[in-house]
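Written below as structure tokens is the structure these notes are about.
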There are 2 protein chains.
Amino acid sequence: MATDSDSGNTNAARALAPDSHRKASDQSIYEAIYEAVLTQRLPPGSRLPEVALSELFGVSRSIIRKALTRLASDHVIEQRPNQMAMVARPGVDETRQIFAARRLVEGEVMRLTAGTLNKTRLQELKRLVKEEKSAHQSGRDQDRVHCSMEVHRFLARHCPNQVLGQMMRELVLRTSIVIALYKSPGMSACFLGDDHARLAELISQGKGDQAAALAHRHLCALEELLDLNEADPAIDLARILRPEA
Amino acid sequence: MATDSDSGNTNAARALAPDSHRKASDQSIYEAIYEAVLTQRLPPGSRLPEVALSELFGVSRSIIRKALTRLASDHVIEQRPNQMAMVARPGVDETRQIFAARRLVEGEVMRLTAGTLNKTRLQELKRLVKEEKSAHQSGRDQDRVHCSMEVHRFLARHCPNQVLGQMMRELVLRTSIVIALYKSPGMSACFLGDDHARLAELISQGKGDQAAALAHRHLCALEELLDLNEADPAIDLARILRPEA
DNA sequence: CGAGCCCGAAATGTATACACCGTATGGCGA
DNA sequence: TCGCCATACGGTGTATACATTTCGGGCTCG
């Protein structure tokens, strides 16, 4: 071990707890890690030692283990026996399947949600889109990613069918993970033209089928931007663990 | 509370461990409860005390808690603070959403799976359908439910898109729960004509769209057979006690 | 006689101790 | 000098002890 700064160190602290979270519940810990992975502050492969987390959050390992078990259930982290948990690192096949599943589910969510949002909700949605655009133009990448995720999660959260909504939220998270894994250098992840703005417009106008079609194209375009050709795990590892000067 | 035979007692023992499962892993415990709920041996509302389960399986509560946490993540059980876990009892809204979600997902799974099964797999599928029919005619309800579930789970397991396949498995389980909850007395749950046999035929012929359409109709018919009109007592109370009388 | 209160059994919530496993370090030998 | 092996360390796996809460029975008071 030498000039690490690798993605496998135990630097989860900075990404998880900017200020002390003393006496956190398992739910808050779950959400903290969830949010950190969603916004790509915890990149795929990040290691999550139970003892470090327990000290970080000021609770015993029991609580940490419960949070980690739930995260593993959601495919956010991988837990192998007697090994430290790490943020999931899906392969190329699984990545394509995640996108296909999300196209199916998100399309239906758009169809169901279009025309059902009241004025307040629509304002909130458009505010998110505007904030995303602003963050993009300002170069605040962290904020942009956050807002971009929130646009999709907002629609999932307000879908009349919450079973589908929950599925979509899980797929959005897994999509965020694979984007962090396979994105080309410098690509503007999930900021494709004004897709989100147009999507919000179609949703507000109740044009469900058009919104679904747009979401479908949006996701196809996003998948196209990824580097999904290399099949060798060794190459993947090399790219992930690159010193990244 | 009087002539109970209620679904809330602690008789999980008989349904879970016919013979002693000494030193079971959390995975095997998870699967045991999962299977028992799937086949409706553990009806909705069944209570699952940690201490009883730990003695049953011969492990400490740590293992039990891990299994229960995973089951709660899958919406198989409900865990409320300081209360015993119980098999989930979804309301009518959630039930309709589960069916809608399953129609969407299972339709796509059929489309993707049709024409991809080799001869061995097709034989296995048709054997399941035959066993289900046999169990139905013999009146072995337990076996019939098991085979019926397995038909759907078999297709989910062999879907080329395993992300969707896993989603479908979860939805099949939740469907089983709501069927047990809302089925009319004496209805032949999920044995509608020869739907499964015809489905297997369409799958083997590679007719994905027709298989998807059949699955869609199959699920609609199934939902129609349920009693989804009667309001839950709790819901009644909530409506009565709401502020705006 | 009925309603309310108190208390105890039993369940879960949490922390901790100990055993086991995997990995990395450092020494030893060819 | 390079490669192999033993040992130490850090991590998770599991069990258990203790604190806290809930629910029920039974007593007492009005």
Side-chain angles (χ1 to χ4, degrees), chain A residues 1-4 6-13 16 21-33 45-73 76-88 237 241, chain B residues 1-2 4 6-13 16 20-33 42 45-73 76-88 234:
Chain A
M1 188 166 301
T3 66
D4 61 14
D6 66 82
S7 65
N9 56 13
T10 315
N11 283 358
L16 285 175
H21 279 67
R22 291 286 148 184
K23 281 300 169 188
S25 67
D26 73 289
Q27 176 65 17
S28 67
I29 296 170
Y30 171 87
E31 288 172 357
I33 299 179
S46 300
R47 293 160 81 174
L48 301 168
E50 297 178 0
V51 283
L53 294 173
S54 68
E55 292 169 3
L56 237 178
F57 290 101
V59 296
S60 78
R61 279 176 51 216
S62 312
I63 317 294
I64 301 296
R65 285 178 72 81
K66 180 168 183 179
L68 291 180
T69 298
R70 291 177 54 194
L71 288 165
S73 262
V76 179
I77 66 174
E78 294 170 3
Q79 264 186 320
R80 300 176 60 177
N82 291 311
Q83 257 172 267
M84 290 194 318
M86 67 161 64
V87 178
L237 273 178
L241 299 177
Chain B
M1 192 164 300
D4 60 9
D6 68 83
S7 63
N9 55 14
T10 315
N11 282 356
L16 284 174
S20 55
H21 278 69
R22 291 288 147 182
K23 282 299 171 187
S25 67
D26 74 288
Q27 176 66 15
S28 66
I29 295 170
Y30 171 87
E31 288 172 357
I33 299 178
L42 276 182
S46 299
R47 293 158 74 172
L48 301 168
E50 297 178 0
V51 283
L53 293 174
S54 67
E55 291 168 4
L56 238 180
F57 290 102
V59 295
S60 78
R61 278 176 52 217
S62 312
I63 317 293
I64 302 297
R65 285 177 71 82
K66 179 167 183 178
L68 291 181
T69 297
R70 291 177 55 194
L71 289 165
S73 258
V76 179
I77 66 175
E78 294 171 4
Q79 264 186 319
R80 299 175 60 177
N82 292 310
Q83 265 176 258
M84 293 195 327
M86 68 162 63
V87 178

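Given the structure is predicted, the values throughout are model-derived calculations rather than measurements. Chain letters run A, B, ... following the sequence lines, proteins first, then strands; residues in each count from 1.
Heavy-atom nearest nucleotides on DNA chain C were determined for A:Pro81 and for A:Lys66, and the one closer to the 5' end corresponds to A:Lys66.
With a 4.5 Å cut-off on side-chain heavy atoms, A:Val87 and A:Ile33 do not count as touching.
Rounded to whole angstrom, the span from the CE atom of A:Met84 across to the P atom of C:dA24 amounts to 10 Å. Here D:dT12 presents its C1' atom at 13 Å from CG of B:Asp26, a figure rounded to the nearest Å. Look at CZ on A:Arg80: it is 17 Å from C1' on D:dG13, rounded to the nearest Å. B:Glu50 places its CD atom 15 Å from the P atom of D:dT22, with the value rounded to the nearest Å. The separation between B:Arg47 atom CZ and D:dT22 atom P is 15 Å, rounded to whole Å. Going from atom CZ of B:Arg65 over to atom C1' of C:dG13 covers 6 Å, rounded to whole Å. Taking atom CG of residue B:Leu48 and atom C1' of nucleotide C:dT12, one finds them 14 Å apart after rounding to whole Å. For B:Gln79 and C:dT12, the CD to P distance is 9 Å, given to the nearest whole Å.
Considering only residues two or more places apart in sequence or on other chains, A:Arg65 meets the side-chain contact (heavy atoms from CB on, under 4.5 Å) condition with A:Glu50, A:Arg61. For B:Ser62, the side chain to side chain donor-acceptor pair (under 3.5 Å) criterion is met by B:Ser60, not counting sequence neighbours.
Set against D:dT21, D:dG13, C:dT14, the side chain of B:Asn82 has D:dT21 as its closest nucleotide.
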Side-chain polar contacts of residues 77-86 of chain A - donor-acceptor pairs under 3.5 angstrom, sequence neighbours left out - could you list them?
unit_1	atom_1	unit_2	atom_2	d
A:Glu78	OE2	A:Arg89	N	3.2

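Note: B:Asp26 CG to B:Phe57 CZ = 11.5 Å, rounded to the nearest 0.5 Å. Taken to the nearest 0.5 Å, the CD1 atom of B:Ile64 stands 10.0 Å off from the CG atom of B:Leu71.
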Could you list the protein-to-nucleotides 15-19 of chain D atom pairs, N/O on both sides, closer than 3.5 Å?
unit_1	atom_1	unit_2	atom_2	d
D:dA15	OP1	B:Lys23	NZ	2.8
D:dA15	OP2	B:Ser60	N	2.9
D:dA15	OP2	B:Ser60	OG	2.8
D:dA15	N7	B:Ser62	OG	2.8

